[in-house]
Amino acid sequence: ERHSFWIWRSDAGATVNRTLNGDYRIRSRSCLGGFCSWLSCRVSEWPMLSCSDGGTLRAQVPDQSRFNIDGTEYVRVRAIQ
């Protein structure tokens, strides 16, 4: 799903998008030749996310503008109006 309700960005430039179907897409900050590394995750049982690589990540939402995944803080840069 390409469209998202919310987008968060880390200080390092990685992004998290919440897609319309409820998945979270995590993009690393490093892209080579226009190809970026994506990881798709879904809430399995809050606060745990089950991801497409078979791993799990822990999520936290300290407030409406911040999203934390396994210790990396992301700040919201876009929300649906």
Side-chain angles (χ1 to χ4, degrees):
E1 185 70 41
R2 293 180 58 110
H3 303 285
S4 62
F5 282 110
W6 299 279
I7 299 173
W8 297 269
R9 180 173 289 126
S10 73
D11 286 342
T15 59
V16 175
N17 298 11
R18 179 156 183 213
T19 65
L20 293 173
N21 68 1
D23 287 347
Y24 292 93
R25 292 184 67 197
I26 304 167
R27 181 185 63 87
S28 69
R29 68 181 179 96
S30 58
C31 298
L32 298 173
F35 293 97
C36 299
S37 173
W38 288 93
L39 186 62
S40 183
C41 302
R42 180 173 283 273
V43 174
S44 50
E45 184 175 329
W46 189 257
M48 301 309 294
L49 303 174
S50 296
C51 301
S52 56
D53 67 350
T56 57
L57 301 172
R58 179 177 293 277
Q60 295 177 324
V61 182
D63 58 47
Q64 291 182 355
S65 66
R66 295 182 298 148
F67 191 53
N68 187 301
I69 299 177
D70 271 6
T72 300
E73 183 171 275
Y74 298 83
V75 176
R76 188 170 63 197
V77 293
R78 176 178 168 225
I80 226 167
Q81 304 295 327

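FYI, the numbering just counts along the sequence from 1. Bear in mind that the values here come from a model prediction, so they are computed numbers and not experimental data.
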Asp53: partners by side chain to side chain contact (heavy atoms under 4.5 Å, CB included), with sequence neighbours left out = Leu39, Cys51

How would you list, by chain and number, every residue that makes a side-chain hydrogen bond (donor to acceptor under 3.5 Å, both in side chains) with [X], sequence neighbours excluded?
X: Arg58; answer: none
X: Ser40; answer: none
X: Ser44; answer: Ser50
X: Asp63; answer: Ser65, Arg66

Side chain Asn21, main chain Asp23, donor-acceptor under 3.5 Å =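 Here the side-chain-to-backbone pair exists.
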
Scan for ring-ring contact (aromatic ring centres under 6.0 Å, His included) pairs involving residues 45-71, sequence neighbours excluded, and state none if there are none.
->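 Counting only pairs at least two positions apart or across chains, the ring-ring contact (aromatic ring centres under 6.0 Å, His included) contacts touching residues 45-71 are Trp8-Phe67, Tyr24-Phe67.
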
Check each of Val75, Val16, Thr15, Thr72 against Ser10 using the side chain to side chain contact (heavy atoms under 4.5 Å, CB included) test, and report the only one that passes.
-> Thr72

Student check: side-chain heavy atoms of Ile69 and Tyr74 closer than 4.5 Å |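 Yes. Closest side-chain heavy atoms under 4.5 Å.
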
May I ask you to test the Leu57-Ile26 pair for a side-chain heavy-atom distance under 4.5 Å?
-> yes

Apply side-chain contact (heavy atoms from CB on, under 4.5 Å) to Arg25 and Thr19, showing your working.
-> CA-CA 7 Å; Arg25 292 184 67 197; Thr19 65; 3.8 Å; yes

Has Arg27 got more than 12 heavy atoms of other residues, nucleotides or ligands less than 6.0 Å from its CZ?
->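 More than 12 heavy atoms, drawn from other residues, nucleotides or ligands, come within 6.0 Å of this atom.
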
Same cluster for Leu20 and Leu49 if Ile/Leu/Val/Met/Phe/Trp/Tyr side chains link at under 4.5 Å?
-> yes

Between CZ on residue Arg9 and CG on residue Asn17, distance to nearest 0.5 Å | 9.5 Å

Within 45° of the six-membered ring axis of Trp6 and under 6.0 Å from that ring's centre, is NZ or CZ of Arg18 located there?
-> no

